[in-house]
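Shown next, in structure tokens, is the structure this report addresses.
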Amino acid sequence: MSNGQVPERESFTTTLGVLAATLGSAVGLGNIWKFPSMTGQNGGAAFVFVYLICVAVIGIPLMISEFIIGRRANANNVGAFEKLAPATPWYLTGVAGVAAAFLIMFFYTDVAGWVYSYAFKGLTGGLTHASSTQTADIFSKYTGSVVGPLAWQWIVLVVISVVIIAGVTKGIERMTKTLLPVLFVLLLLCDVRALTLPGAMAGVEYLFKPDFAKITAPVILAALGLAFFKLSVGMGAMTTYGSYMGKKVNIPSNAIKVALADTLVSLLAGLAIFPAVFAFGFKPDAGPSLLFITIPAVFQTMPFGQVFMTMFFLLAAIAATGAMISLLEVPVAYFTEEKHWSRPTATIFSAGVMGVVGSLATLSTSTLSKTLVFGKTFFDLFDFASSNILLPIGGILICLFVGWKLGPVAAVDEASNGGTLRNATSLKVLIILIRYVAPIAILLVLLNGLGIVKI
Ligand code: PHE
């Protein structure tokens, strides 16, 4: 920052670092908590099928679009739109993204707190020999109390703040690069355990044998919302990370790798959960509590259950942490670059707001359980409004921006590294997806799922 010059922006240092950070953002509670519980509630394989289509046709083009915006502008989520489309209202797309980051964090830090506390319980033997009624009891006692969940939510916020204050290279890149392999290994161990249980096949079928009669408009919207949430798109996390990418990074290839690896993690999480659930005669449709009531009960009934359960919650905690880091980085990049705050100030302020307003979500299962807004608890409201409304709307705007405002020439230039990547044919398909297919599909699904139009 010498000579009064603008400080140089930090960036990711290696291709592997880029992949680790972006995959670390995508992999999170979405894979381990939302994907299995939503699959269980929406009828199994048919939901998975719709989800996979959403990822391929909408998720990947959108992630590429965000990387394009971020790297081309080399700026935070709001500054990027201001740079690429000066003196237009497009910057509001960036502002909406920053707002979405807060909204998601309000409830995400709550669930992450549950996961941290369960990992801790596992390590200290707090869940040993609990039957399913006991695990249900433990969970409702925990979420029904005030101090514990709030304390864990703040612990989570402190952990990610430390990483964010350490910076893009020393914090985000180093952390994700170290922890992702650990997550994969732990997940694979859980899979081997679940799949070798007698009766495991019922769970595998549940995940892979679709019953297409189960596909309805709200199911499609739910699958689309999950695809957005899962791939961290529609709100600027990937735009922000794109801005830390060097000019040599192959943007489309990185996006496809992230989408494939992330989907693999979701399926592996499903394969660790459903076979075990079926093998021990539990129901797959427990919803959000699947992870916290059913899973501990299932693990208790198997040999070395305590060990595997602890591993499972540790891997969930690792996944949640990588995702939250990217969510916190969105406002932090915005405040440091646009408002010229220091990184620690921006981090402490953002995390503080997330903790204070996020307590409304946390208390939704205790003192505020009867306080409903639009018929939903704060927790459900934050979740629904972000995944099913803000992210899809953000997604439409981002596609329109890259496809029409920035335009195909600039988009192709950025996605082919100035023509050096020789991926012209696939980029033609990509441009059609970004300009027409994705925005129209998102709009239709959104209006249908909300019941505004019926097709
Ligand atoms: N993709 C993350 C998950 O699956 C959540 C997330 C959403 C992260 C949006 C960043 C932005 O848990």
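Numbering of residues begins at 1 and proceeds along the displayed sequence. Start at 1 and go down the list; that is how both ligands and their atoms are numbered.
Atoms of ligand 1 lying under 4.0 Å from any heavy atom of G30, numbered from 1 in the order shown and given with element: 3 (C), 4 (O), 12 (O). Listed by atom number, the atoms of ligand 1 under 4.0 Å from S25 heavy atoms are 1 (N), 2 (C), 8 (C), 10 (C). Shown in contact with K230 at under 4.0 Å from a heavy atom are these atoms of ligand 1, numbered in order with element: 1 (N), 3 (C), 4 (O). Proximity to M235 (heavy-atom distance under 4.0 Å) selects the following atoms of ligand 1: 9 (C), 11 (C). Short contacts between ligand 1 and A26, defined as distances under 4.0 Å to a heavy atom of the residue, involve ligand atoms 1 (N), 2 (C), 3 (C), 4 (O).
The shortest side-chain heavy-atom distance between Y116 and T321 falls under the 4.5 Å cut-off. In this structure, the side chains of M235 and S386 stay at 4.5 Å or more apart for every pair of heavy atoms. A heavy-atom distance below 4.5 Å is not found between the side chains of F382 and Y108.
Residue F229 places at least one N or O, backbone or side chain, under 3.5 Å from an N or O of ligand 1. Ligand 1 has a nitrogen or oxygen under 3.5 angstrom from a nitrogen or oxygen of L29.
Considering only non-hydrogen protein atoms, atom 8 (C) of ligand 1 sits nearest to S232 OG, 3.3 Å. Atom 12 (O) of ligand 1 has as its closest protein heavy atom Y108 OH, 2.4 Å.
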Show me, pair by pair, the donor-acceptor contacts under 3.5 angstrom made by side chains of residues 388-396, not counting sequence neighbours?
none

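Classification of the F278-F274 ring pair by plane angle, with boundaries at 30° and 60°, yields tilted. Taking the six-membered ring where the residue is Trp, F379 and W114 present parallel rings, their angle staying beneath 30° rather than reaching 60°.
Ion pair K247/E414 flagged as a salt bridge, since at least one NZ, NE, NH1 or NH2 atom sits closer than 4.0 Å to an Asp/Glu carboxylate oxygen.
When heavy-atom distances to ligand 1 are checked against a 4.0 Å cut-off, S326 comes that close only through its side chain, counted from C-beta outward. Within the 4.0 Å heavy-atom criterion, neither part of M324 lies near ligand 1.
Side chain of N423 to backbone of S426: no donor-acceptor contact under 3.5 angstrom is found.
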